[in-house]
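Here's the structure, in structure tokens; my notes come after.
Position 1 is the first residue of the sequence; numbering continues from there. Given the structure is predicted, the values throughout are model-derived calculations rather than measurements.
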Amino acid sequence: MATTEESKRRAEALILKFQFERILNQDGSGRRINLLGHVDADPALLILERAPFPSAPEYLSAFPSNLRSLTNLGNNDIYSWFLGSGGPIFTADSDDKDKFADFKIDLICPCTDKHIKKHSRQGFRYVTETPAIYLSRVRPYMQAGREDGRLNWVYNIIEGRKEVEDVIYRTPLGRDGDEGFLLLPNLHWDRKTIEALHLLGIVERRDIWSLRDLKKKHLPWLRHMRAKLLDATVETYPQIEADQLKLFCHYQPTYYHFHIHVVHVMLEGNGTQALGKAIGLDSIIEQLEGMAGDEETGMESISIGYTVGEASELWTDIFEPLKKKRNQEER
């Protein structure tokens, strides 16, 4: 009878003998893949999933300098993004090395305290932003988020100074006035995994900061943009059909210049698509259509619930003080 150690060694040997035949399935994020093959004469399935990153300081300190390859996908202002490989490279052709990339890398340099807070581990709270809270507290917070050059990287894209080669569709700059917009890959997409496709539609106009600024008068504009975003995506990626795409906006958004996310329906519903973060464009259009009132009636007149990080200024400066005040009044 085999001992436990002998059984372990035999199982480990089977992995080394696996002969790959074809891919059966791969998740939208590229973190899990199912392979069909054989071990000796027996058919076999090999299911690979990326393990969590080691947290050992010695590993993390050595990681950047030990990458086998690194390709810059683009850079804009303080943001840069790359594909890198920590494993073997099977070609000497530099044009093919991205096929073996196993890391998507983003660099923010120099980063701010706000960046550090956003990317640090923290608790989250679900809050309800009423029209009154929006107008008196959140709108001024948004205004501050548009100052001090914080939107320079967005304006660089709109005005054609950065990421020109990445834009997959745009109306000629300035030609269409309020209806001008462009479409380009989100910096978190690796630009090769179609089922993880994530694009951004960024409008030229600067008077709409977030979905809160949308009014009934914007309905024709929103419908026009929805159609153009779908058409441009399908034209650029013909292997995708329009009903394989989802369009949504974030609230709160990462930056206060109106933009629409376009993602493949197979992309895993992670934080970027979660309840309390993403609101479907069709839902926004339907809500505006159903609102009573004139053309100036809009999204600023409703309450919106969403999640905020405990380290964010939205929580520490707005919603936490409001909660404490409410609790004191209830005593």
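No continuous path of ILVMFWY side-chain contacts below 4.5 Å connects Val164 to Ile158, so the two sit in separate hydrophobic clusters. Both Ile23 and Leu46 are part of a single hydrophobic cluster, where members link through side-chain heavy atoms under 4.5 Å apart. In the hydrophobic cluster analysis, where Ile, Leu, Val, Met, Phe, Trp and Tyr join through side-chain heavy atoms closer than 4.5 angstrom, Ile15 is grouped apart from Leu24. Leu135 and Val138 fall within a single hydrophobic cluster, where Ile, Leu, Val, Met, Phe, Trp and Tyr side chains are chained together by heavy-atom contacts under 4.5 Å. Connection of Ile47 to Val39 is not established within any shared hydrophobic cluster, with ILVMFWY side chains joined at heavy-atom distances below 4.5 Å, either directly or through further cluster members.
Heavy atoms from other residues, nucleotides or ligands lying under 6.0 Å from CD of Glu295 number more than 12. The number of heavy-atom neighbours closer than 6.0 Å to CD of Glu235, taken from other residues, nucleotides and ligands shown, is 12 or below. Remark: Lys215 NZ is packed, more than 12 non-hydrogen atoms of other residues, nucleotides or ligands lying under 6.0 Å away. Counting non-hydrogen atoms of other residues, nucleotides and ligands closer than 6.0 Å to CZ of Arg175 gives a total above 12.
Taking CZ of Phe181 as the reference point, atom CG of Leu229 lies at 5.0 Å (rounded to 0.5 Å). With rounding to the nearest 0.5 Å, the separation of CG in Leu200 from CD1 in Ile260 is 10.0 Å. Of the inter-residue distances, the one linking Asp282 atom CG with Lys246 atom NZ reads 12.0 Å to the nearest 0.5 angstrom. The distance from atom CG of Leu35 to atom CD of Gln19, rounded to the nearest 0.5 Å, is 12.5 Å. Atom CG of Leu322 sits about 11.0 Å away from atom CG of Asp317, to the nearest 0.5 Å. With values rounded to the nearest 0.5 angstrom, Ile285 atom CD1 is found 6.5 Å from Arg223 atom CZ.
Glu300 has no carboxylate O lying under 4.0 Å from a charged side-chain N of Arg139, or vice versa, which leaves the two without a salt bridge. Glu129 has no carboxylate O lying under 4.0 Å from a charged side-chain N of Arg137, or vice versa, which leaves the two without a salt bridge.
Tyr251 is not listed as a side-chain neighbour of Ile284, based on a closest heavy-atom distance of 4.5 Å or more. Looking only at side-chain heavy atoms (C-beta outward), Trp221 and Val203 come within less than 4.5 Å of each other. Between Arg212 and Ile304, the closest side-chain pair of non-hydrogen atoms falls below 4.5 Å. In this structure the side chain of Leu219 reaches within 4.5 angstrom of the side chain of Glu289, judged on heavy atoms. Within the 4.5 Å cutoff, the side chain of Asp178 has no heavy atoms near those of the Ile208 side chain. Using a 4.5 Å heavy-atom threshold, the side chains of Met225 and His218 count as separate. The side-chain heavy atoms of Leu197 and Val263, taken from C-beta on, include no pair separated by under 4.5 Å. At a threshold of 4.5 Å between non-hydrogen side-chain atoms, the residues Asp166 and Arg191 count as touching.
Under the salt bridge (Lys or Arg N to Asp or Glu O under 4.0 Å) criterion, Asp207 pairs with Arg205, not counting sequence neighbours.
Nearest heavy-atom pair, Leu173 versus Glu204, reported as atom, atom and distance to 0.1 Å: CA-OE2, 3.5 Å. Heavy atoms only, all atoms of each residue included: Phe248 and Gly280 are closest at CB-CA, 3.9 Å. Considering all non-hydrogen atoms of both residues, Phe258 and Ser210 come closest at CD1-C, 3.9 Å. When all heavy atoms are compared, the tightest approach of Glu320 to Thr316 is OE1-CA, 3.9 Å. Shortest non-hydrogen contact noted between Asp213 and Trp209 is OD2-N, 2.7 Å. What you find for Ala232 and Leu183 is that their closest heavy atoms are CB-CD2, 3.8 Å.
Close placement of the His261 and His259 rings is indicated, their centers lying within 6.0 Å of each other.
The aromatic rings of Tyr59 and Phe53 are tilted relative to each other, their planes meeting at an angle between 30° and 60°.
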> Going through the checks in order, is the side-chain contact (heavy atoms from CB on, under 4.5 Å) test met by Val308 and Ile318?
Replying inline: CA-CA 11 Å; Val308 294; Ile318 298 176; over 6 Å; no
> Given Leu245 and Val234, is the side-chain contact (heavy atoms from CB on, under 4.5 Å) satisfied, shown in steps?
Replying inline: CA-CA 9 Å; Leu245 296 170; Val234 171; 4.3 Å; yes
> Step by step, would you call Lys114 with Lys118 a side-chain contact (heavy atoms from CB on, under 4.5 Å)?
Replying inline: CA-CA 6 Å; Lys114 189 170 184 178; Lys118 176 183 175 182; 5.7 Å; no
> Given the rule in the side-chain contact (heavy atoms from CB on, under 4.5 Å) test, do Leu230 and Arg226 qualify, once you have shown the distances and angles that lead to the verdict?
Replying inline: CA-CA 6 Å; Leu230 290 174; Arg226 180 187 184 278; 3.5 Å; yes
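In terms of modelled atom types and a separation under 3.5 Å, the side chain of Arg146 and the main chain of Tyr256 share a donor-acceptor contact. The backbone N or O of Glu58 lies less than 3.5 Å from no partner atom in the side chain of Ser61, so there is not a single donor-acceptor pair. Side chain of Lys216 to main chain of Met291: a donor-acceptor pair is present (N/O by atom type, distance under 3.5 Å, no hydrogens or angles). Using modelled atom types, no side-chain atom of Thr130 and backbone atom of Ser303 make a donor-acceptor pair closer than 3.5 Å. Panel note: side chain Gln122, backbone Glu310; a donor-acceptor pair is recorded below 3.5 Å.
Among pairs with a residue in residues 113-153, those fulfilling ring pair (Phe, Tyr, Trp, His ring centres under 6.0 Å) read Tyr79-His115, Tyr79-Trp153, Trp153-Tyr255, at least two apart in sequence or across chains.
Both tests hold for Arg206 against Tyr155: distance to the six-membered ring centre under 6.0 Å, angle to the ring axis within 45°.
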